[in-house]
Every structure is written in C-alpha cells, then in structure tokens.
Protein chains: 2
Amino acid sequence: MKTSSNANQVMNDLMEKMDIRMTYQRKIILSILIDNIDKHLTANEIYSLIKVKNDVIGMATIYRTIDILLDKGIVIKHDFGDSAAKYELEIEKNKNHHHLICKKCGKVIEVSGLLKEDFYEKILREKGFQCTEYRLKIFGYCDKCRS
Amino acid sequence: MKTSSNANQVMNDLMEKMDIRMTYQRKIILSILIDNIDKHLTANEIYSLIKVKNDVIGMATIYRTIDILLDKGIVIKHDFGDSAAKYELEIEKNKNHHHLICKKCGKVIEVSGLLKEDFYEKILREKGFQCTEYRLKIFGYCDKCRS
DNA sequence: TTATTTGCAAAATGTTTGCTTTGCT
DNA sequence: AGCAAAGCAAACATTTTGCAAATAA
Ligand SMILES: [Mn+2]
Ligand SMILES: [Mn+2]
C-alpha cells in the first residue's frame with residue numbers, strides 16, 4: 001500500500017511536532033507505522049515491511065528510531081505475551097484504546113471505554129497516584145476460537 | 001521471614017490442587033512466592049531469595065517451575081517495563097487486582113475495581129470475545145514522586 | 001562544516017533447551 | 001523400577017552498544 005496523501009499530512013505533522021533530524025530512514029520507518037496504524041508490529045516486522053519496498057534499514061536504526069518515538073509519546077509499546085515487543089503509532093484517532101488478545105489464534109481486537117469514568121480521580125484521591133497513561137490487555141477467546 | 005503456619009496451609013492446598021510431583025525445589029520456590037505474596041519477583045530475584053536461605057536452585061528449574069505454575073493459573077506474569085518479567089502468586093485474596101507503576105521510583109501499588117462492572121458482558125456482546133483474564137497497568141507518578 | 005545518525009558486528013540480557021544424573025512415588 | 005525432574009552448559013532471540021563512515025542541517 002502506498003502512503004496516501006492523508007498519510008503524508010500525518011507525517012508532516014509528526015515531523016514538525018518532533019523536532020528531530022528527519023533522515024531518510026526515519027521517514028521510512030514512520031511511513032510504515034502510519035500505513036499500519038491499525039496493526040501492532042514487532043521491530044522485525046517493520047524491518048521486513050521495509051524490505052518488501054526493496055529497501056534495507058539496519059535493526060539498530062529501527063530500534064533507535066522507535067526509542068525516540070516512544071520518548072516523544074508518538075508510539076506505544078506492547079507486550080502481548082510473544083517474545084518480541086510490538087509497537088503501534090498512537091495518534092488522536094486511536095488514543096487510549098484497549099486490546100482483546102485471543103489466546104488461541106493470536107488475533108488482537110481494539111476496544112474502548114472499559115474503564116470507569118472516574119478512575120483517574122479515584123486513584124489520585126485514594127492512593128495519591130497521578131496517572132499519565134495506562135494499558136489494558138484482555139486475554140481470552142475470539143468469536144471464531146470460542147467454539 | 002519464616003513461612004508461617006498459615007503459609008503452610010496455603011502450600012498444602014496448592015500442592016493438592018496442582019497434582020504434580022512435589023519436589024524439594026518446587027516446595028522452596030512455592031514458599032518464596034507465598035512469603036512474597038504482596039510483591040512481584042523476577043526469576044533472578046527468586047533465585048537470590050533462595051540463596052539467602054543458603055540454598056541454590058538452578059535457573060532452569062526456576063523457569064520451568066514458574067511455567068507450570070503459570071499453566072495451572074496459580075502464578076501470573078507481568079511486564080512492568082523493566083527487561084525481566086515479574087511473577088506473583090495469584091490466590092483468592094489478591095485475584096484480579098490492577099497495578100499502579102511509578103515511572104520515577106518504580107514503586108508498584110495494587111488497587112481494584114477500576115473496570116466497569118459490565119465489561120465482561122460488553123465485550124462478549126459487542127465483539128463476541130470471551131474474557132478469561134486481564135491485566136491493567138497504570139503508569140504515572142506516586143505520591144512521593146509527584147512533587 | 002560539524003554535530004548527528006547510520007550500519008555493522010559484537011555484546012548483553014533474559015529465557016529456553018538437550019542431555020545426563022538424580023530423585024519421587 | 002521407572003518415569004519425571006534437576007542441574008549444567010550451550011543455544012536462542014531480542015535488544016543494546018561501540019565505533020568508523022555517511023549525512024542532514
Ligand atoms: Mn492498538
Ligand atoms: Mn500484584
């Protein structure tokens with residue numbers, strides 16, 4: 001899939017927002033993440049998707065770029081129980097969603113709104129804890145695997 | 001800390017429930033987990049706590065035992081963002097709790113009741129997904145580090 | 001120009017595995 | 001006795017790092 005012009009807009013916004021040197025490699029990695037906004041990719045999957053485009057970027061660069069994006073809060077890291085971490089772009093439209101993970105087929109479904117509305121205030125009041133972000137993973141069986 | 005007689009009761013219950021060969025090593029590992037029911041230990045921390053008792057159990061055995069306990073649903077595995085996984089016993093009294101993780105000092109606080117009461121039915125109805133267990137991690141700053 | 005970033009290979013880390021010996025039951 | 005588990009070392013997979021060469025600004 002070719003990066004759409006909308007994706008180009010997203011890319012430009014991100015580049016400005018980040019204020020880092022925009023190298024060829026970083027643009028490619030970002031474009032892969034934008035094109036796969038609904039997916040959850042390992043570093044190695046990013047590497048492979050770049051190769052499909054007849055290009056090669058070293059793993060070290062991929063990891064270092066991801067680290068920057070994590071720092072900037074543009075990418076989030078997941079551990080879905082496989083050995084490798086998975087990454088996904090987190091921009092407005094998909095902020096604060098939860099994940100349903102099928103223990104049989106590995107399918108990941110995204111949902112929202114499972115936390116109590118007042119959870120932020122509740123933990124601040126009861127524990128003095130100030131939440132900056134959270135991760136809710138729900139394990140179980142998807143529609144197909146439930147039979 | 002010596003394993004209390006209550007802990008011995010817990011141990012006996014678990015041993016019966018599990019129906020596996022009760023070796024010396026497995027008893028030791030279980031006792032460490034029971035004594036640290038409120039904590040979250042890495043494989044290496046379990047190893048060290050055993051050493052404090054002037055005993056040594058191979059890492060392979062520790063991992064293999066943990067795997068069994070995970071399988072039996074007696075232990076749960078956490079990824080709190082450090083490189084090593086953390087494990088904790090999950091028995092009645094502390095089932096289904098959430099974790100607040102301080103990004104500054106690393107402190108972990110346990111809480112409960114942050115999910116909507118009907119979340120199970122909601123995802124089953126809306127997504128056809130049957131939840132077996134879940135993990136809610138909340139990152140932020142604890143009381144002390146919030147200043 | 002010059003400070004940053006890349007790529008490669010080597011290292012580090014956590015976890016798993018194969019195989020022989022040991023020990024439950 | 002006989003099968004299952006432990007220990008050790010070696011293998012593995014993912015991630016991180018050092019350093020020389022390349023490159024964005
Ligand atoms: Mn997602
Ligand atoms: Mn806990």
Side-chain angles (χ1 to χ4, degrees), chain A residues 11-12 14-33 40-51 53-72 74-88 106, chain B residues 11-12 14-33 40-51 53-72 74-88 106:
Chain A
M11 170 89 87
N12 289 334
L14 288 177
M15 280 169 49
E16 268 182 42
K17 182 173 157 191
M18 281 196 289
D19 190 37
I20 55 169
R21 267 199 198 178
M22 260 308 148
T23 63
Y24 174 77
Q25 290 81 346
R26 288 174 179 172
K27 282 181 202 157
I28 298 283
I29 292 168
L30 256 181
S31 79
I32 295 286
L33 289 170
H40 307 88
L41 305 174
T42 63
N44 194 57
E45 283 166 348
I46 294 172
Y47 179 89
S48 301
L49 286 168
I50 293 168
K51 238 184 183 165
K53 294 185 170 183
N54 286 315
D55 215 331
V56 174
I57 295 177
M59 275 301 237
T61 301
I62 293 175
Y63 277 110
R64 283 191 275 231
T65 301
I66 289 171
D67 280 347
I68 293 169
L69 301 177
L70 285 170
D71 250 38
K72 301 276 174 189
I74 287 164
V75 155
I76 56 182
K77 181 178 181 176
H78 295 289
D79 161 38
F80 287 157
D82 324 276
S83 45
K86 297 193 170 167
Y87 305 93
E88 81 175 309
Chain B
M11 170 89 86
N12 289 335
L14 288 177
M15 280 168 50
E16 267 182 43
K17 183 173 157 192
M18 281 196 291
D19 189 36
I20 55 169
R21 268 200 197 176
M22 261 307 147
T23 64
Y24 174 77
Q25 290 83 345
R26 288 175 179 173
K27 282 180 203 158
I28 298 284
I29 292 168
L30 256 181
S31 79
I32 294 287
L33 289 170
H40 308 88
L41 305 174
T42 63
N44 195 56
E45 284 165 348
I46 295 172
Y47 179 88
S48 301
L49 286 169
I50 293 168
K51 239 183 182 167
K53 294 185 171 183
N54 286 317
D55 215 331
V56 175
I57 294 177
M59 275 300 232
T61 301
I62 292 175
Y63 276 110
R64 283 192 272 232
T65 301
I66 289 171
D67 280 347
I68 293 170
L69 300 177
L70 284 170
D71 251 36
K72 300 276 175 188
I74 286 165
V75 156
I76 56 181
K77 180 178 181 177
H78 295 291
D79 161 39
F80 287 157
D82 325 275
S83 44
K86 298 192 171 169
Y87 305 93
E88 81 176 308

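Order of the sequence lines fixes the chain letters, A, B, ..., with proteins taken first and strands second; residue numbering starts at 1 for each chain.
- Which of D:dA5, D:dA9, D:dT17 sits closest to the side chain of B:A60 comes down to D:dA9.
- A:I68 places its CD1 atom 14 Å from the C1' atom of D:dA24, with the value rounded to the nearest Å.
- Remark on DNA chain D: of its neighbouring residues A:Q25 and A:K86, the 5'-side contact belongs to A:K86, judged by nearest-heavy-atom nucleotide.
- Nearest-nucleotide mapping onto DNA chain D: of B:R21 and B:G58, the residue sitting toward the 5' end is B:R21.
- If you check every strand for non-hydrogen atoms under 4.0 Å, B:R26 touches sugar and phosphate atoms only.
- Within 4.0 Å (heavy atoms only), B:M59 reaches no atom of the nucleic acid at all.
- In this structure, the separation between NZ on A:K27 and CE on A:M11 is 8.0 Å, given to the nearest 0.5 Å.
- One finds the CG atom of B:N44 at 8.0 Å from the CD1 atom of B:I62 (value rounded to the nearest 0.5 Å).
- More than 12 heavy-atom neighbours from other residues, nucleotides or ligands sit within 6.0 angstrom of NZ on B:K72.
- Results of the side chain to side chain contact (heavy atoms under 4.5 Å, CB included) test with B:I57 over B:I46, B:I50, B:I32 single out B:I50 as the only residue that passes.
- Remark: P of D:dT15 and OH of A:Y47 are 15 Å apart, rounded to the nearest angstrom.
- Computed from coordinates, the B:Y63 OH to D:dA10 C1' distance equals 16 Å when rounded to whole Å.
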Task: Intermediate values then yes/no, side-chain contact (heavy atoms from CB on, under 4.5 Å), B:R21 and B:R26 - done: CA-CA 9 Å; B:R21 268 200 197 176; B:R26 288 175 179 173; 3.9 Å; yes
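- Atom CD1 of A:I20 is separated from atom CE of A:M18 by 4.5 Å, given to the nearest 0.5 angstrom.
- Taking atom CG of residue B:D19 and atom P of nucleotide D:dC3, one finds them 18 Å apart after rounding to whole Å.
- Separating the CD1 atom of A:I66 from the P atom of D:dT14 is a distance of 13 Å, rounded to the nearest angstrom.
- For DNA chain C, the span of nucleotides reached by chain B at under 4.0 Å from its heavy atoms goes, 5' to 3', from C:dG14 to C:dT25.
- Distance CG/A:L41 to NE2/A:H78: 10.5 Å, rounded to 0.5 Å.
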Task: Check against side-chain contact (heavy atoms from CB on, under 4.5 Å), A:T61 and A:T23 - done: CA-CA 11 Å; A:T61 301; A:T23 63; over 6 Å; no
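- Atoms NE2 and CG, on A:H40 and A:D82 in that order, are 12.0 Å from each other to the nearest 0.5 Å.
- At the heavy-atom level, B:I20 lies nowhere under 4.0 Å from the strands shown.
- Whole-Å rounding puts the B:D67 CG to D:dA5 C1' distance at 14 Å.
- For the pair A:I57 and B:N44, both in contact range of DNA chain C, the more 5′-proximal nearest nucleotide belongs to A:I57.
- Per the geometry, CD belonging to A:E45 stands 11 Å off P belonging to D:dT15, to the nearest Å.
- Residues from residues 74-82 of chain A lying near DNA chain D, meaning a heavy-atom separation below 4.0 Å, are absent.
- We find the CD-CG distance between B:Q25 and B:D55 to be 8.0 Å, quoted to the nearest 0.5 Å.
- OP1 or OP2 of D:dA6 lies within a sub-4.0 Å distance of a side-chain N or O belonging to B:T23.
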